[in-house]
Number of protein chains: 2
Amino acid sequence: MARGDQRPVTVHTIAKHVGVSPAAVSTVLSNRHEERRLAAATVEKIRAAVRELGYVPNIAARRLRTHDPEVRHIDLGILTTFEAPLFLVSRALRQVQRMADARTDPKRKFSVSIGMFHAGRLREMPGLLNASRFNGVIVTNTLPDDDAFLAATALPYAVVVLGRRIPNYFCVLETPGESGRRAAEILLASHRSQFVVLTPALLTQSTAERAAAFCATVRERTGRDPARVIASSFVPASGAEALRAHLAAGRPCDALYAVTDSLALGAYQAIRDGNRRIPRDIAVVGVGDHEHADFFDPPLTCVGPANDTVAEQVATSLFHLLSHRRVKPVELHVPPSVVMRVSA
Amino acid sequence: MARGDQRPVTVHTIAKHVGVSPAAVSTVLSNRHEERRLAAATVEKIRAAVRELGYVPNIAARRLRTHDPEVRHIDLGILTTFEAPLFLVSRALRQVQRMADARTDPKRKFSVSIGMFHAGRLREMPGLLNASRFNGVIVTNTLPDDDAFLAATALPYAVVVLGRRIPNYFCVLETPGESGRRAAEILLASHRSQFVVLTPALLTQSTAERAAAFCATVRERTGRDPARVIASSFVPASGAEALRAHLAAGRPCDALYAVTDSLALGAYQAIRDGNRRIPRDIAVVGVGDHEHADFFDPPLTCVGPANDTVAEQVATSLFHLLSHRRVKPVELHVPPSVVMRVSA
DNA sequence: GCTTGAAACTAAAACGATTTAGCATTTCGA
DNA sequence: TCGAAATGCTAAATCGTTTTAGTTTCAAGC
């Protein structure tokens with residue numbers, strides 16, 4: 001063996017190794033050897049070589065060769081991080097799919113997929129820079145590093161950024177500051193005085209803005225800043241832990257704003273564990289990014305991006321960019337929707 | 001215009017239309033016209049033609065041409081339906097990614113993506129049959145139609161089926177019947193007598209098996225079949241509605257098995273609305289397919305696939321198939337894990 | 001008048017697979 | 001013994017794009 005640093009093995013490599021033509025190898029690989037009458041012995045030799053050399057087909061070549069030249073194939077991607085919860089993209093995904101279905105015809109097919117990158121390492125995503133993976137993408141859940149990378153790069157295809165503001169990109173995001181302000185107003189309206197904002201340690205643009213606007217509004221109306229409780233991550237357990245510590249230390253809290261619903265879910269647990277009642281002892285406002293906010297006990301009052309509207313905007317923008325290339329970058333603001341349930 | 005049923009436009013089409021070579025078009029498309037000194041007027045003409053003809057680049061060709069021949073690119077996919085909740089695949093996804101990362105080196109890159117198909121229409125997924133999209137896939141959340149399609153087809157690449165049993169495929173699934181039996185045992189152990197099983201109208205293989213095994217066990221021990229409550233879909237709201245109707249009709253229930261956690265979440269709401277307490281009045285057992293079963297109130301007792309184990313098995317199998325092609329199909333059973341929380 | 005250089009392009013190869021048409025042999029039937 | 005049919009393979013084109021290595025034209029410099 002010892003074929004250390006060769007180039008990857010192709011059908012040619014195998015053909016040479018066995019002493020046949022690439023055509024024969026291809027025939028065997030696609031299990032067509034019966035109808036094309038290859039000798040059983042040859043088939044076996046080729047199969048053995050394929051296994052021995054560890055052949056992996058080149059998808060791009062295969063796709064280029066086998067596609068029907070009459071139909072255009074358009075690849076759409078939703079790019080998110082491994083670290084972010086997947087449901088955050090599901091609305092956008094479904095909306096893109098719906099619009100793609102509406103535009104599908106015998107000469108035009110779409111595939112919509114979710115591409116994943118490690119948070120902060122968008123730049124390493126294969127094929128992003130040379131436009132060799134997608135005809136258009138929606139990028140979301142980026143970290144500041146990724147934002148910086150995008151800002152410094154002009155991607156030569158359709159890109160819509162979801163939930164962030166990045167210069168020279170088509171961006172769709174909630175109206176800046178609006179969520180935090182409305183959340184504060186709801187809690188202020190129920191005559192609370194001990195305000196707390198629960199955030200993850202690592203803030204994205206939206207979560208940072210929510211927290212900032214909330215604090216600004218509370219300060220403006222009460223003269224005092226809310227207490228800030230910081231969860232180590234964005235999962236419920238860390239939210240629970242952080243708030244539990246806050247309450248256990250005897251620090252006051254009768255109005256809580258959680259900048260994501262996962263954290264709110266954790267907060268619910270901490271509040272129950274501390275024998276307080278929602279909303280009697282502590283009013284809670286969340287964001288509405290969780291599919292099941294309605295099934296929280298009590299149902300969670302939310303101020304947050306109108307997800308359906310955002311999804312629609314983002315998908316519409318993507319298809320718009322796809323058809324009219326080189327349109328001016330636009331920043332679309334979607335005002336938050338307020339769903340008053342029981343928790344505040 | 002009126003170029004109705006032509007073939008899709010390529011760089012050649014544009015080149016001919018403008019009266020330049022494909023090379024010039026390509027140069028403009030990749031924004032390299034400055035360094036390659038194309039005349040500004042030509043650039044503009046090409047740009048205009050690109051827009052006018054509605055050019056869409058062929059991703060496969062671009063990728064084939066631009067990839068570094070020294071590195072092998074391996075495309076892995078997790079195939080699920082638009083209809084199924086995305087979080088069902090997140091564990092498998094993360095595990096595949098982890099193993100891919102471990103196998104990544106300068107000559108070997110992976111991309112892991114989620115491919116979506118419409119439930120029951122897996123056969124229509126572009127590139128599935130001719131192996132021109134993925135080097136290996138994990139297929140999950142299939143409906144019977146999809147299963148039939150798979151059973152009738154020999155896909156010429158690495159395929160692992162998650163949560164189903166399909167002849168001639170590498171399948172990973174929970175030990176058949178085990179979940180339902182254990183769930184029944186838990187409820188029987190707390191001396192209940194009015195058993196109810198909550199299922200969606202459209203049963204998948206696993207949900208059907210859970211329900212069947214649950215009923216069989218209850219019948220065997222009590223001589224009576226559990227009542228069957230059927231939700232119109234798998235979302236919490238439909239579970240709530242179905243159980244609410246059951247309770248409102250005055251029909252008995254002191255032990256509930258919900259075959260998915262989404263339905264359990266809905267059931268919780270119906271039970272609260274009916275002024276019953278969990279587990280005092282009604283004991284509930286769920287499946288553990290929801291990320292937040294621990295944050296239900298009260299926390300949900302679950303019997304279900306040990307998701308981490310399943311994810312590990314499924315990812316390991318995929319990479320195994322990828323390296324040793326043509327291994328015998330195997331059916332891997334993962335025994336359910338039981339997490340006793342508060343609800344039963 | 002001849003070289004040099006810049007400007008503005010093009011021809012052709014290459015990426016890796018699949019498939020069509022066809023070329024040698026061998027076998028078989030009459 | 002000859003032609004036809006079957007057997008077992010290969011050559012070469014092709015998919016659409018990018019890039020390298022030119023080529024041609026014109027202006028400037030000597």
Side-chain angles (χ1 to χ4, degrees), chain A residues 7-16 18-46 50 55-75 127 129-133 135 156-157, chain B residues 7-16 18-46 50 55-75 127 129-133 135 156-157:
Chain A
R7 309 174 105 210
V9 357
T10 69
V11 281
H12 283 87
T13 327
I14 296 170
K16 206 159 290 173
V18 178
V20 294
S21 71
V25 176
S26 176
T27 299
V28 170
L29 284 173
S30 50
N31 279 321
R32 285 277 188 38
H33 48 278
E34 308 257 294
E35 59 182 271
R36 294 206 191 132
R37 303 174 314 218
L38 285 210
T42 315
V43 173
E44 254 329 297
K45 272 192 289 181
I46 293 175
V50 162
Y55 169 74
V56 178
N58 180 320
I59 289 299
R62 201 173 254 181
R63 189 166 149 196
L64 173 59
R65 176 57 231 236
T66 56
H67 91 291
D68 177 351
E70 296 281 308
V71 347
R72 246 296 158 245
H73 200 106
I74 301 167
D75 279 19
L129 281 163
N130 53 14
S132 66
R133 272 195 93 65
N135 294 100
Y157 53 102
Chain B
R7 306 174 109 210
V9 357
T10 69
V11 282
H12 282 87
T13 326
I14 297 170
K16 206 159 289 172
V18 178
V20 294
S21 73
V25 177
S26 177
T27 300
V28 171
L29 284 173
S30 52
N31 279 321
R32 284 275 188 38
H33 49 278
E34 309 257 295
E35 61 184 88
R36 296 207 190 131
R37 302 175 313 220
L38 285 208
T42 315
V43 172
E44 254 328 297
K45 273 193 289 182
I46 292 175
V50 163
Y55 169 74
V56 177
N58 180 321
I59 289 298
R62 199 172 257 180
R63 189 166 150 196
L64 173 60
R65 176 57 230 237
T66 53
H67 91 291
D68 177 351
E70 296 281 308
V71 347
R72 246 295 158 245
H73 199 106
I74 300 166
D75 279 18
L129 282 163
N130 52 15
S132 65
R133 273 197 92 65
N135 294 103
Y157 53 104

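Please read these numbers as outputs of a predicted model, since none were measured by experiment.
Counting any heavy atom pair closer than 4.0 Å across all strands shown, A:Arg63 reaches no nucleic acid atom. The residue B:Ser26 sits close to a base: some heavy atom pair falls under 4.0 Å. Residue contacts for A:Val25: at a heavy-atom cut-off of 4.0 Å it reaches no nucleic acid atom on any strand shown. Here A:Arg37 lies in heavy-atom contact (under 4.0 Å) with a base.
Protein atom NE2 of B:His12 is 10 Å distant from nucleotide atom P of C:dA11, rounded to whole Å. With rounding to whole Å, A:Leu64 atom CG is found 9 Å from C:dC15 atom C1'. For the pair A:Glu34 CD and D:dT7 P, the computed distance is 12 Å after rounding to whole Å. Atom CD of B:Glu35 is separated from atom P of C:dA7 by 14 Å (rounded to the nearest Å). Across the protein-nucleic acid pair, B:Asn31 atom CG and D:dT18 atom C1' stand 14 Å apart, rounded to whole Å. Here C:dA17 presents its P atom at 12 Å from CZ of A:Arg7, a figure rounded to the nearest Å. Counting to the nearest Å, the C1' atom of C:dT18 and the CG atom of A:Asn58 are 13 Å from each other. Atom CD1 of B:Ile46 is separated from atom C1' of C:dC9 by 10 Å (rounded to the nearest Å).
Taking OH of B:Tyr157 as the reference point, atom CG of B:Asn130 lies at 8.5 Å (rounded to 0.5 Å).
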Original post:
Given the rule in the salt bridge (Lys or Arg N to Asp or Glu O under 4.0 Å) test, do B:Asp75 and A:Arg133 qualify, once you have shown the distances and angles that lead to the verdict?
Top reply: CA-CA 11 Å; B:Asp75 279 18; A:Arg133 272 195 93 65; 3.5 Å; yes
**OP:** Test side chain to side chain donor-acceptor pair (under 3.5 Å) on A:Thr27 and A:Arg36 and set out the steps.
**Re:** CA-CA 8 Å; A:Thr27 299; A:Arg36 294 206 191 132; 3.1 Å; yes
**OP:** Report the C-alpha separation of B:Thr10 and B:Thr13 in whole Å, then their side-chain angles, then the decisive distance to 0.1 Å, and conclude whether the side-chain contact (heavy atoms from CB on, under 4.5 Å) test is met.
**Re:** CA-CA 5 Å; B:Thr10 69; B:Thr13 326; 3.3 Å; yes
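When side chains are defined from C-beta on, A:Asn58 counts as touching B:His67, because their heavy atoms get closer than 4.5 Å. A:Asn135 is listed as a side-chain neighbour of B:Pro57, based on a closest heavy-atom distance under 4.5 Å.
Of the residues near DNA chain C, B:Ala40 and B:Pro69, the one whose nearest nucleotide (by heavy atom distance) lies more toward the 5' end is B:Ala40. Along DNA chain C, the nucleotide nearest to A:Thr27 and the one nearest to A:Ala60 differ in position, and the one closer to the 5' end is contacted by A:Ala60. The residue among A:Ala24 and B:Val11 whose nearest nucleotide of DNA chain D lies closer to the 5′ end is A:Ala24. Each of B:Arg32 and B:Ala61 has a nearest nucleotide on DNA chain D; the 5'-most of these lies closest to B:Ala61.
Residue A:Arg36 places at least one side-chain N or O closer than 4.0 Å to OP1 or OP2 of C:dT19. Taking side-chain N and O atoms only, B:His67 has a distance below 4.0 Å to OP1 or OP2 of C:dG16. Applying the 4.0 Å criterion to OP1 and OP2 of C:dC9, one finds that B:Thr42 has a side-chain N or O inside that range. Between C:dG16 and A:Tyr55, no contact under 4.0 Å exists linking OP1 or OP2 to a side-chain N or O.
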Between the protein and nucleotides 11-14 of chain D, list the N/O to N/O atom pairs that are separated by less than 3.5 angstrom.
residue: D:dT14; atom: O2; partner: A:Arg65; partner atom: NH1; Å: 2.8

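Across all non-hydrogen atoms, the minimal contact from A:Leu38 to A:Val43 is CB-CG2, 3.9 Å.
Within 6.0 Å of atom CD in A:Glu34, 12 or fewer heavy atoms from other residues, nucleotides or ligands are found, so the atom counts as exposed in its surroundings.
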